[in-house]
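Since the structure comes first, as structure tokens, the remarks are kept for the end.
Quick note on labels: first sequence line is chain A, next is B, and so on, each numbered from 1. Below, each value reflects all heavy atoms present in this structure, side chains not excepted, and no hydrogens, waters or symmetry copies.
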Amino acid sequence: MMSVDDDAPDAQSVIADVIRAIPRGCVASYGEIAARAGLPGRARLVGKVLRDARAGARLPWHRVLRADGRIAFEPRTAPFREQQRRLAAEGVVVVKGRVDLARHGWQRDLDAELWAPPPF
DNA sequence: CAGGTGACCTCTG
DNA sequence: GCAGAGGCCACCT
């Protein structure tokens with residue numbers, strides 16, 4: 001007997017899947033992730049998923065940034081430096097706690113595929 | 001039940 | 001660049 005819930009996986013697991021889909025070397029914002037999970041406006045829920053994420057969750061949490069490309073943690077804190085370190089390890093440039101989204105943004109990557117920009 | 005909080009976002013000035 | 005307001009909603013007091 002099917003129920004409608006079979007087609008309504010809980011939001012948090014969908015969000016987790018989206019985060020796992022962020023390519024290495026790319027970053028995505030909370031709002032972007034929520035939107036891609038079919039949950040526009042639910043950026044805060046993405047934050048909760050990451051907060052609840054456990055070590056064994058295997059989520060690339062370091063690839064999630066704020067909408068302006070800044071790391072969500074307070075500068076100079078341990079988590080902040082850890083995220084910055086992990087990003088650098090993937091070749092993502094972090095300057096003053098900020099990433100150039102035009103260079104490493106996931107959405108930008110999609111645009112690159114669809115638009116097939118000419119070499120400059 | 002009401003109020004505050006939070007790994008957030010967008011708009012306005 | 002910064003500040004305020006409104007939106008979002010799960011979770012805790």
Side-chain angles (χ1 to χ4, degrees):
Chain A
M1 174 58 161
M2 297 202 335
S3 69
V4 288
D5 290 332
D6 291 336
D7 285 326
D10 65 291
Q12 303 198 17
S13 63
V14 176
I15 288 172
D17 288 340
V18 172
I19 294 174
R20 268 187 282 267
I22 303 173
R24 183 177 154 313
C26 286
V27 297
S29 73
Y30 290 81
E32 217 175 297
I33 291 166
R36 280 182 85 111
L39 301 162
R42 304 294 306 282
R44 295 202 96 119
L45 194 53
V46 176
K48 182 198 168 0
V49 170
L50 291 179
R51 191 134 149 64
D52 294 351
R54 324 186 346 141
R58 299 208 196 137
L59 284 179
W61 57 272
H62 56 284
R63 296 181 188 144
V64 185
L65 307 173
R66 288 187 180 164
D68 58 4
R70 286 185 310 144
I71 289 175
F73 295 113
E74 278 295 308
R76 292 182 294 285
T77 62
F80 178 97
R81 282 195 287 270
E82 172 66 6
Q83 184 165 12
Q84 188 169 358
R85 189 190 68 75
R86 288 185 175 232
L87 287 172
E90 292 187 351
V92 176
V93 181
V94 183
V95 180
K96 287 201 272 248
R98 180 186 292 168
V99 170
D100 182 359
L101 294 180
R103 184 179 168 85
H104 295 107
W106 189 16
Q107 194 72 52
R108 184 210 63 80
D109 243 36
L110 276 185
D111 289 344
E113 283 180 35
L114 299 177
W115 277 84
F120 197 86

Q. Within a radius of less than 6.0 Å around CZ of A/Arg20, do more than 12 heavy atoms belonging to other residues, nucleotides or ligands occur?
A. yes
(Q) Without decimals, in angstroms, what is the distance between A/Ile33 CD1 and B/dA7 C1'? (A) 11 Å
Q) Does A/Asp68 come within less than 4.0 Å of A/Arg70, counting only side-chain N to carboxylate O? A) yes
Q. Counting side-chain heavy atoms from C-beta on, which of C/dC11, B/dG6, B/dA7 comes nearest to A/Tyr30?
A. B/dA7
Q: Please state whether the phosphate of C/dC11, meaning OP1 or OP2, lies under 4.0 angstrom from any side-chain nitrogen or oxygen of A/Lys48.
A: yes
**Q.** Nearest to side-chain heavy atoms of A/Leu50, which nucleotide of B/dG6, C/dC9, B/dA7
**A.** B/dA7
Q | Atom-to-atom span, CD of A/Gln84 to C1' of B/dA7 - whole angstrom | A | 16 Å
Q) Do the non-hydrogen side-chain atoms of A/Leu65 and A/Leu87 ever get within less than 4.5 Å of each other? A) yes
Q: Give the C-alpha distance, both sets of side-chain angles, the deciding distance and a yes or no for side chain to side chain contact (heavy atoms under 4.5 Å, CB included) between A/Ile19 and A/Arg63.
A: CA-CA 8 Å; A/Ile19 294 174; A/Arg63 296 181 188 144; over 6 Å; no
Q: Select one nucleotide: of B/dA7, B/dC9, C/dG1, the one nearest the side-chain heavy atoms of A/Arg98.
A: C/dG1
Q) Of A/Val46, A/Leu50, A/Leu59, A/Asp10, which is the lone residue that meets side-chain contact (heavy atoms from CB on, under 4.5 Å) with A/Ile15? A) A/Val46
Q | Sorted by number, the residues of residues 68-78 of chain A with heavy-atom contact under 4.0 Å to DNA chain B | A | A/Ala72, A/Phe73
Q | Atom pair CG/CD of A/Leu39 and A/Gln12 - distance to nearest 0.5 Å | A | 10.0 Å
Q.
With heavy-atom distances below 4.5 Å as the criterion, would you say the side chains of A/Val95 and A/Asp100 are in contact?
A. no
Q.
Please report the distance, rounded to the nearest Å, between CZ in A/Arg51 and P in C/dC12.
A. 10 Å
Q) Quick one: does A/Val99's side chain get under 4.5 Å of A/Val93's, heavy atoms only? A) no
Q) A/Arg42 has an atom CZ; how far is it from atom C1' of C/dC9, in whole Å? A) 6 Å
Q: Mind running side chain to side chain contact (heavy atoms under 4.5 Å, CB included) on A/Glu82 and A/Trp61 for me, showing each step along the way?
A: CA-CA 11 Å; A/Glu82 172 66 6; A/Trp61 57 272; 3.7 Å; yes
Q: Write down the distance between CZ (A/Arg81) and C1' (B/dA7), rounded to a whole number of angstrom.
A: 17 Å
Q: Check DNA chain B against residues 57-67 of chain A and give the residues with a non-hydrogen atom under 4.0 Å, in numerical order.
A: A/Trp61, A/Arg66, A/Ala67
Q) When the C1' atoms of C/dG4 and B/dA7 are considered, how many whole Å apart are they? A) 23 Å
Q | Integer angstrom distance from the C1' of C/dC8 to that of B/dG4 | A | 15 Å
Q.
Return whichever of A/Gln12 or A/Gly41 has its heavy-atom-nearest nucleotide of DNA chain C closer to the 5' end.
A. A/Gly41
Q. More 5' along DNA chain C: A/Arg44 or A/Asp52, using each one's nearest nucleotide?
A. A/Arg44
